[in-house]
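Letters A, B, ... mirror the listed sequences (proteins, then strands); counts begin at 1. Values in this document were obtained by computation on a predicted structure and should not be read as measured data. Quick note: numbers below take in every heavy atom, side chains included, and nothing from hydrogens, waters or symmetry partners.
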Amino acid sequence: MFTCRQIYDLITEYDEGFLKTSERRQFESHVVICPPCRGFLSQMRATRDQLGRGAAPEFPAELADSIISAFQEWKSQQR
Amino acid sequence: MIAYKFLSSGAIGLFSRHAWPTPTADAPGEWVRVDGEIQQCLNGVHACAKERLVEWLDDELWEIELGDPVLEADEELIAPAGRLIRRLERWNDACARAFVGHCVDNTVALAATLLIRAGCEDQAEALTASRSRPDAELKMLQLARSLEDEQTSPIRFLADVARLERGGRPELDEEAPTSDAGGPTPAALAANLGYVCAHIGAQLAEQESAGAYDQSFARERLRESTWLAEKLQLGR
Amino acid sequence: MRRRSEPHLNRDTDDGRRYTAQRNGKHNPATTSSAKPSDDRSATRLAERELLARLRAGDEPAFRQLLADFGPAMFRLARVYASDSEVAAEIVQETWVAALRGLQGFEGRSSLRTWVFTILANCARRRAKMEARSAPLSSLEALRGEESELDCFFTANHSRWASCWTTINTRWDALPEDALTTQEAESAMMEALRSLPPSQSAVIALRDLEGLSSDEVCSLLGLSVGNQRVLLHRARLAIRRALLEVLDDKESRS
């Protein structure tokens with residue numbers, strides 16, 4: 001049975017699918033019976049969800065314009 | 001095959017975070033199927049038999065029908081498909097608390113027996129008496145201090161359990177929180193204390209007879225599951 | 001786009017089936033919730049070849065489409081590397097200029113996205129060196145954060161709770177919906193991202209902000225699988241710590 005410290009150390013390996021089946025079993029068995037680890041697991045997932053959900057910064061219109069100009073210049077140089 | 005599945009509040013898998021389709025008044029929940037090879041913990045619908053209930057405790061208990069072929073691993077069943085049949089309402093907060101109470105009672109009784117065998121009849125009596133007191137933790141701590149090896153004694157452990165039962169964390173200075181904010185759900189606490197009590201019991205067994213831990217632990221977990229299955233009146 | 005099953009279009013694996021296994025086999029489906037859905041590789045490859053041809057021919061609408069597809073993600077990434085929007089914009093601009101210059105020579109061994117993002121990463125790193133970013137300092141901060149976290153565990157020789165959490169760790173999936181989406185949480189998150197050692201911020205930005213796969217990020221940043229995982233692990237823990245502080249503050253105030 002893993003300790004909480006091991007859960008803390010292994011959580012990314014767990015999420016990435018790099019634990020062997022027996023290790024995965026031990027990981028999950030521990031989390032089921034350990035409220036702080038349940039909390040920790042949910043916190044890590046919420047963190048990842050939040051990162052994925054983060055508001056994308058506004059793409060500046062001027063930037064788009066200047067990139068298009070660069071393209072047009074490159075294109076004209078191709079000929 | 002009919003089996004049992006625990007889910008977190010809202011019929012959500014604890015690890016998969018999958019939101020399970022729930023049954024209606026007329027029909028079971030829709031079939032949930034997985035593609036590819038069935039692999040324990042990696043791929044497949046997971047469920048448990050009633051002998052293993054206590055190892056998977058969570059907020060909601062459901063009866064689940066599993067599609068063939070069912071892979072029977074030690075602690076769980078894995079299948080390529082499953083559907084929820086009905087929610088077993090008898091598993092609720094009150095039942096979870098009753099389960100905890102039962103486990104702690106059992107462990108206190110075991111510890112008291114050991115004390116008697118060690119010639120500490122007075123302490124055994126004090127321990128049993130402390131169990132139902134509101135200041136159980138305090139009494140148990142006092143008791144532990146009066147014994148040799150106070151830190152490692154099962155009484156000390158039981159004092160921790162008493163604190164956990166109240167929603168606290170062991171050995172922390174502040175008062176155990178009285179609100180639910182952030183604390184475990186009754187089901188999560190039941191999962192925790194069922195385990196801890198079986199662990200304490202197994203340590204007691206080990207004290208009596210070296211090497212007895214594993215068998216005692218397994219036996220106690222089975223006993224817990226059996227007790228719970230009966231309390232929930234699970235048929236098969 | 002009609003599906004084609006031509007494995008030879010799949011440059012990275014000789015067997016399309018094996019690619020599928022890598023994508024699906026290892027992962028618990030729900031834990032990759034933040035990753036984008038896996039493309040049908042053959043269809044994507046075909047689409048990319050057509051796109052490349054059109055770009056090389058100077059097709060402006062094709063380029064505008066590409067900019068619309070990649071631009072926001074590139075800008076978001078550059079913002080993580082750079083100290084402000086202006087610098088981020090410059091990085092993105094430089095990246096596109098370099099990409100256009102290299103377009104004819106691009107052999108398609110990696111995907112277009114990988115290639116463009118590699119250029120971005122290189123531009124950002126070059127700039128970071130130029131601005132003499134105090135990388136050692138952020139490493140120190142990161143280390144301090146990691147070490148302080150170890151106080152949250154009982155020691156390994158505790159008689160009853162060896163290596164257990166001392167804290168309760170509330171469940172964040174039970175929080176009110178907007179608890180993590182406040183301005184405060186958002187700023188704390190961005191600040192934490194910016195304070196990470198560059199190696200960690202690059203990995204977490206590409207994996208968790210942009211949803212690139214583990215394989216893509218390894219090839220993009222030239223990391224081994226294990227190395228990438230360690231960086232990701234430490235970065236995620238740091239962001240969690242930052243959010244924890246925001247939530248703790250809230251609780252103690254309310």
Min side-chain heavy-atom separation Met44(A)-Leu237(C) under 4.5 Å: yes

Contact class of Val230(C) relative to chain A, heavy atoms under 4.5 angstrom: neither

Nearest-0.5 Å distance, NE2 of residue His233(C) to CD of residue Glu13(A): 8.0 Å

Part of Glu62(A) lying under 4.5 Å from any heavy atom of chain C: neither

Side-chain heavy atoms of Leu193(C) within contact of Leu51(A), under 4.5 Å: yes

Heavy-atom pair with the smallest gap, counting every atom of Tyr8(A) and Glu149(C): OH-OE1, 2.7 Å

Residue pair Phe71(A) / Leu67(C), side-chain heavy-atom distance below 4.5 Å: no

When Leu63(A), Leu41(A), Ile11(A) are compared by non-hydrogen pairs under 4.5 Å with chain C, the top option: Leu63(A)

Short side-chain to backbone donor-acceptor contact, Gln78(A) and Gly58(C), under 3.5 Å: no

Side-chain (Thr3(A)) to main-chain (Cys164(C)) donor-acceptor, under 3.5 angstrom: no

Validation row: Phe154(C), Cys4(A) side chains within 4.5 angstrom (heavy atoms): no

Part of Glu86(C) within contact of chain A (heavy atom distance under 4.5 Å): neither

Interchain contact, Arg234(C) with chain A, by part (heavy-atom threshold 4.5 Å): neither

Contact check, side chains of Arg5(A) and Leu150(C), non-hydrogen atoms, under 4.5 Å: yes

Atom group of Thr166(C) that falls short of 4.5 Å from chain A, counting heavy atoms: neither

Heavy-atom contact with chain A under 4.5 Å, split by part of Glu90(C): neither

Nearest heavy-atom neighbours spanning Gln50(A) and Leu180(C): NE2-O, 3.3 Å

Leu244(C), part contacting chain A, at a heavy-atom distance under 4.5 Å: side chain

Heavy-atom closest contact (Arg171(C) atom, Ser42(A) atom, distance): CA-OG, 3.2 Å

Donor-acceptor pair, side chain of Trp172(C) and main chain of Ala46(A), under 3.5 angstrom: no

Segment of Trp165(C) engaging chain A (4.5 angstrom heavy-atom cut-off): both

Side-chain touch Ile68(A)/Phe63(C), heavy atoms, less than 4.5 angstrom: yes

For chain A, the option from Ala156(C), Gly226(C), Ser163(C) that forms the most heavy-atom pairs under 4.5 Å: Ser163(C)

Structural part of Ala162(C) lying under 4.5 Å from a heavy atom of chain A: backbone

Contacting region of Ile239(C) [heavy-atom separation from chain A under 4.5 Å]: both

Close side-chain approach of Thr170(C) to Gln43(A), heavy-atom, < 4.5 Å: yes

